[in-house]
Peer 1: 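Before anything else, here's the structure in question.
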Amino acid sequence: MKKHLSDRLRPSALGKLVCGALFVYLFLGFMVIPCWNTLSSIFTATNSQGETDPLAVIRFFFAGNMKIYVWNSLKLALILIVTVNIVGISSVLLTEYFDIKGARILRLGYMTTLIYGGVALVTGYLFLYGNTGIVTSELGKLIPGFNTRWFTGFPAVVFTMTFACTGNHMLFLRNAIRGIDYNTVEAARNMGAKPFRVLCTVVLPTLIPTLFSLTVMTFIAGLCAMSAPTLLGYDSINPEIVRLAGTSGGSEAFPQARAALLSVILACFTVVLLTILSSYERKGHYLSVSKTKTKLQKQRITNPAANVLAHIYAYILFAVYMIPVVMIFLFSFQTYQSVRGKKLDIRSWTLINYYGSQNYDYILASGKTTTRKGAVSGLFSNDITLGGIRLSFLFAAAAALLACVIVVIACEYIFKNRNKKRSVIVEYCMLFPWLLPTVLICYSYRSFFNSESVWYVGNKNLYYGKNVWTLIILAYIVTRLPFSIRMIKASFYAIDDEIEDAAKNLGSGSLRTLIQIKLPIVLPSVLAVLALNFRSLFTEYDMSATFANPHAITYAMVMQNMTGDEGISGYNINATGRRCASMVFIMLVSGVILYLVYGVGGRDLSERLEAKERRAGRLERIKAAVRKPAARKAE
């Protein structure tokens with residue numbers, strides 16, 4: 001008995017006990033209890049007499065207009081399944097399967113939505129198609145009586161999100177097509193099948209698992225849309241939840257309970273979809289291929305008319321993707337007069353939207369001239385914009401780093417106990433946030449921690465003042481855990497058990513083995529996940545808008561609000577130009593991160609060696625070109 005007690009009191013055993021208690025505390029305190037509080041708040045709403053009425057919100061849902069928000073979100077999600085798959089599949093086929101001239105350039109254009117999205121992408125489309133946008137202004141000049149507010153509501157949201165959501169197709173479907181065995185395609189063609197039939201009967205069936213996953217992802221994106229409906233004026237669930245979350249009980253009937261009900265409806269849809277996806281994946285989908293796999297060769301479109309139409313369609317898509325990017329880039333170097341008039345002028349070329357400040361002179365109603373100092377300011381010289389960048393950088397970096405640290409520790413525990421039930425429990429707990437929409441988690445945090453009676457956070461109001469920073473970082477971490485563990489866990493399979501056994505035989509402890517042996521092996525994957533998490537969170541808008549605290553105005557929120565006070569009383573004169581510069585900055589940051597992850601980081605050893613040889617060859621040619629003039633002079 002004494003020996004058994006002494007074993008329990010050993011430092012390693014106490015450490016495991018403390019870690020287990022900490023895990024339970026974090027999981028229950030920051031995942032389960034806040035969300036349960038949101039669910040229970042639906043049935044604790046009070047009526048006008050102050051009496052608890054468990055069914056009040058349910059009756060209000062069926063009697064009021066809350067059904068409209070649910071139906072609008074469902075309608076958007078269903079339409080996006082069709083439009084996004086049409087555009088996404090066709091763009092991948094045009095660049096990876098069919099022999100289209102300029103496919104490399106087309107691919108770069110189609111992938112632009114990977115380097116800017118969310119509120120940045122929507123504001124970019126508004127810059128072109130909004131009521132004062134470039135395209136709208138030109139159409140207004142050409143067509144008398146043209147409705148300048150045409151780019152609003154449901155059609156505008158569908159158009160914007162159709163092109164915004166095809167980035168996943170360019171990542172996942174592109175890899176799936178490149179992995180097709182060309183021998184199967186060639187065998188079908190040798191049997192007399194025409195190219196279109198080969199595509200429908202051989203190629204597309206192998207892509208069904210990937211397409212099914214992309215369809216579910218698209219449906220969830222449409223259902224949980226936030227940026228596009230908010231900025232383009234479309235009534236859907238998420239913007240209504242954010243509006244109700246900031247509404248006082250005196251102005252509307254139980255707004256918090258209504259927001260909770262809409263959040264739970266979103267959660268139910270998400271759970272059902274993920275359950276269907278998991279069930280579909282468990283069935284397994286297999287394709288019989290040859291033992292010697294052959295790289296897919298691009299197929300020529302033999303019909304001349306179809307070939308011409310395919311090229312026209314490919315370059316129209318390219319124009320739709322690239323025009324916003326090009327216009328935003330060009331206008332980011334124009335003065336506020338040119339930006340406001342939506343006219344490019346080489347004489348108006350300036351860097352003021354990026355750096356520096358200028359005074360602005362304007363005439364008052366009395367006829368006097370007054371000066372506003374610093375009313376024209378650049379992206380890196382404007383205090384509000386710079387403050388948003390710093391805050392978003394802090395939130396994104398802290399959350400991305402902590403999420404990776406937590407996941408590495410969790411993966412180490414899962415693999416050390418891979419045959420035990422507790423490892424499965426830990427993994428499912430880490431995947432738990434995937435069952436809930438992001439806005440539900442954030443709304444639960446906002447409503448639950450906006451109190452001084454939560455004992456396990458020291459009775460502090462985490463929503464008050466700058467305490468909300470902690471709340472936002474926690475929400476960021478929780479929402480990135482499922483993605484992080486799915487990616488990092490895969491890299492742990494590459495660790496040979498013999499390596500760990502050898503380290504143990506040499507007297508290395510578990511912590512030292514993890515840091516010095518295992519971590520260097522999985523480090524490339526960890527760094528890739530860290531970069532992708534940072535990229536996703538740096539320009540995140542949905543969660544920041546849900547918290548809506550004046551002490552936590554992130555970069556995406558600054559971008560959205562940037563032109564609201566443009567020019568009022570002589571302040572903030574070049575807000576639109578600075579917003580263009582902000583989007584260029586976001587594209588640059590995202591582009592560098594994606595290049596490091598999918599470009600340099602995505603190469604295998606042979607590709608890296610080839611790239612090294614090419615660099616060495618270029619260096620030798622440069623040296624030879626320099627030596628020739630020197631040798632001639634010496635002669």
Peer 1: Does some side-chain heavy atom of Arg243 sit less than 4.5 Å from a side-chain heavy atom of Glu240?
Peer 2: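 Answer yes - side chains close enough.
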Peer 1: Which pair of non-hydrogen atoms, one from Lys343 and one from Gln334, has the smallest distance, and what is that distance?
Peer 2: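 Smallest heavy-atom distance, with atoms named: O-OE1, 3.8 Å.
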Peer 1: At their closest point, which heavy atom of Ala314 faces which heavy atom of Tyr110, and how far apart are they?
Peer 2: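 It is O-OH, 2.6 Å.
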Peer 1: What side chain to side chain donor-acceptor pair (under 3.5 Å) pairs are there with at least one residue in residues 127-141, not counting sequence neighbours?
Peer 2: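 Residue pairs with at least one partner in residues 127-141: Thr136-Trp150.
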Peer 1: Walk me through it: do Asn85 and Thr215 pass the test side chain to side chain donor-acceptor pair (under 3.5 Å)?
Peer 2: CA-CA 7 Å; Asn85 274 323; Thr215 298; 3.1 Å; yes
Peer 1: Is a donor on one side and an acceptor on the other found under 3.5 Å between the side chain of Asn72 and the backbone of Ser236?
Peer 2: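 No; judged by distance alone, with no hydrogens or angles, the pair does not exist.
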Peer 1: Can Thr123 and Arg579 be said to form a side chain to side chain donor-acceptor pair (under 3.5 Å), step by step?
Peer 2: CA-CA 9 Å; Thr123 52; Arg579 186 172 63 181; 4.8 Å; no
Peer 1: Side chains of Leu471 and Asn549, heavy atoms from C-beta outward: is any pair under 4.5 Å?
Peer 2: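 Not in contact.
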Peer 1: Measuring from atom CD1 of Ile485 to atom CE of Met430, what distance do you get when rounded to the nearest 0.5 angstrom?
Peer 2: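 Reported to 0.5 Å precision, the distance equals 4.5 Å.
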Peer 1: To the nearest 0.5 angstrom, please state how far the OG1 atom of Thr38 sits from the CZ atom of Phe448.
Peer 2: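 Rounded to the nearest 0.5 Å, the OG1-CZ separation comes out at 9.0 Å.
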Peer 1: Step by step, would you call Phe538 with Ile389 a side-chain contact (heavy atoms from CB on, under 4.5 Å)?
Peer 2: CA-CA 8 Å; Phe538 181 60; Ile389 293 175; 4.2 Å; yes
Peer 1: Determine whether a donor-acceptor pair (N or O, by modelled atom type, separation under 3.5 Å) exists between the side chain of Gln358 and the backbone of Tyr360.
Peer 2: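 Side chain of Gln358 to backbone of Tyr360: no pair is present.
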Peer 1: So, Tyr463 versus Phe449, ring centres under 6.0 angstrom or not?
Peer 2: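 Ring centroids of Tyr463 and Phe449 are no less than 6.0 Å from each other.
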Peer 1: With side chains defined as the heavy atoms from C-beta onward, is the minimum distance between Met161 and Thr83 less than 4.5 Å?
Peer 2: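 Counting from C-beta outward, Met161 and Thr83 never come under 4.5 Å.
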Peer 1: Should Phe172 and Met217 count as side-chain neighbours, where that means a heavy-atom distance under 4.5 Å?
Peer 2: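 Yes, side chains in contact.
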Peer 1: Are the aromatic ring centres of Tyr354 and Phe585 under 6.0 angstrom apart?
Peer 2: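 Between Tyr354 and Phe585, the centre distance exceeds or equals 6.0 Å.
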Peer 1: Give a yes or no on whether the backbone of Leu532 and the side-chain of Ser536 come within a donor-acceptor separation of less than 3.5 Å.
Peer 2: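 Not confirmed, Ser536 side chain does not pair with Leu532 backbone.
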Peer 1: Give a yes or no on whether Ile384 atom CD1 has more than 12 heavy-atom contacts from other residues, nucleotides or ligands under 6.0 Å away.
Peer 2: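 No, CD1 of Ile384 has 12 or fewer neighbouring heavy atoms, counting only those of other groups under 6.0 Å.
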Peer 1: Would you indicate whether Leu142, at its atom CG, is surrounded by more than 12 heavy atoms from other residues, nucleotides or ligands within a distance under 6.0 Å?
Peer 2: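 More than 12 within 6.0 Å, yes.
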Peer 1: Are the side chains of Phe269 and Leu74 in touch, meaning some heavy atoms are under 4.5 Å apart?
Peer 2: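 Yes. Closest side-chain heavy atoms under 4.5 Å.
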Peer 1: Validate the cation-pi geometry between Arg480 and Phe483: distance from NZ or CZ to the six-membered ring centre under 6.0 Å, angle to the ring axis within 45°.
Peer 2: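 Pair Arg480/Phe483 counts as cation-pi.
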Peer 1: Minimum heavy-atom separation for Asn353 to Phe333, with atom names?
Peer 2: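 That would be ND2-N, 4.3 Å.
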Peer 1: Which heavy atom in Ser590 sits nearest to a heavy atom in Leu114, and how many Å separate them?
Peer 2: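 Taking Ser590 first and Leu114 second, the nearest heavy atoms are CB-O, 4.4 Å.
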Peer 1: Would you call the rings of His311 and Tyr315 parallel, tilted or perpendicular if under 30° counts as parallel and over 60° as perpendicular?
Peer 2: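 Ring orientation, 0 to 90° scale: parallel.
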Peer 1: Starting from the C-alpha separation in whole Å, work towards a yes-or-no answer on side chain to side chain donor-acceptor pair (under 3.5 Å) for Tyr476 and Ser544.
Peer 2: CA-CA 10 Å; Tyr476 280 9; Ser544 305; 3.2 Å; yes
Peer 1: For Phe380 and Tyr355, what are the C-alpha separation, side-chain angles and deciding distance, and is it a ring pair (Phe, Tyr, Trp, His ring centres under 6.0 Å)?
Peer 2: CA-CA 5 Å; Phe380 300 106; Tyr355 187 77; 7.7 Å; no
Peer 1: Under the side-chain contact (heavy atoms from CB on, under 4.5 Å) criterion, do Thr270 and Leu436 qualify, and how do the steps go?
Peer 2: CA-CA 7 Å; Thr270 306; Leu436 307 173; over 6 Å; no
Peer 1: Return yes if some donor-acceptor pair links the side-chain N/O of Thr385 with the main-chain N/O of Asn382 below 3.5 Å, else return no.
Peer 2: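 Side chain of Thr385 to backbone of Asn382: no pair is present.
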Peer 1: Name the one of Leu462, Thr546, Ile472, Val478 that satisfies side-chain contact (heavy atoms from CB on, under 4.5 Å) with Tyr445?
Peer 2: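 Exactly one candidate clears the test, Val478.
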Peer 1: Going through the distances and angles, do Thr335 and Trp349 end up as a side-chain contact (heavy atoms from CB on, under 4.5 Å)?
Peer 2: CA-CA 7 Å; Thr335 60; Trp349 193 264; over 6 Å; no
Peer 1: How far does CD of Gln337 sit from OG1 of Thr350, to the nearest 0.5 angstrom?
Peer 2: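 So the gap between those two atoms works out to 10.0 Å.
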Peer 1: Taking Ser91 for the side chain and Gly88 for the main chain, is one N or O donor matched with an acceptor at less than 3.5 Å?
Peer 2: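 Such a contact is found between Ser91 side chain and Gly88 backbone.
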Peer 1: Should Val376 and Asn359 count as side-chain neighbours, where that means a heavy-atom distance under 4.5 Å?
Peer 2: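 No. Closest side-chain heavy atoms not under 4.5 Å.
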Peer 1: I would like to know whether Thr95 and Ile100 meet side-chain contact (heavy atoms from CB on, under 4.5 Å); could you show each step before the answer?
Peer 2: CA-CA 7 Å; Thr95 55; Ile100 301 294; over 6 Å; no
Peer 1: Quick check for you: to the nearest 0.5 Å, what is the distance between Met559 atom CE and Ile586 atom CD1?
Peer 2: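 CD1 of Ile586 is found 4.0 Å from CE of Met559.
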Peer 1: Rounded to the nearest 0.5 Å, what separates atom CZ in Phe547 from atom CG in Asn450?
Peer 2: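 With rounding to 0.5 Å, CZ (Phe547) is 11.0 Å from CG (Asn450).
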Peer 1: Can a donor-acceptor pair be found, under 3.5 Å and without considering hydrogens, that links the side chain of Asn574 to the backbone of Ser377?
Peer 2: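 It does hold such a pair.
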Peer 1: Could you check whether the rings of Tyr234 and Phe154 sit parallel, tilted or perpendicular, using 30° and 60° as the cut-offs?
Peer 2: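 Tilted: the ring planes of Tyr234 and Phe154 meet at 30° to 60°.
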Peer 1: Working to the nearest 0.5 Å, report the span between CD1 of Ile265 and CG of Leu223.
Peer 2: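 Reported to 0.5 Å precision, the distance equals 10.0 Å.
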Peer 1: Answer yes or no: is there a side-chain heavy-atom contact under 4.5 Å between Leu317 and Ser90?
Peer 2: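 With C-beta onward as the side chain, the pair touches.
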Peer 1: Kindly give the heavy-atom pair with the smallest separation between Val119 and Ser227, and that separation in Å.
Peer 2: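 Result for this residue pair: N-OG, 3.6 Å.
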Peer 1: If you apply the rule side chain to side chain donor-acceptor pair (under 3.5 Å), what do you find for Thr230 with Tyr541, and how did you get there?
Peer 2: CA-CA 11 Å; Thr230 300; Tyr541 172 77; 4.7 Å; no
Peer 1: Using modelled atom types and a 3.5 Å cut-off, is there a donor and acceptor pairing between side-chain atoms of Ser392 and backbone atoms of Tyr555?
Peer 2: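 Judged by distance alone, yes, a pair lies under 3.5 Å.
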Peer 1: Considering all heavy atoms of both residues, which atom of Pro34 and which atom of Ser444 are nearest to each other, and what is their separation?
Peer 2: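 Taking Pro34 first and Ser444 second, the nearest heavy atoms are O-CB, 3.5 Å.
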Peer 1: With no hydrogens and no angle check, is any side-chain donor or acceptor of Ser332 less than 3.5 Å from a backbone partner on Phe329?
Peer 2: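 Judged by distance alone, yes, a pair lies under 3.5 Å.
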Peer 1: Can you find a heavy atom in the side chain of Leu394 that is under 4.5 Å from one in the side chain of Trp469?
Peer 2: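 In contact.
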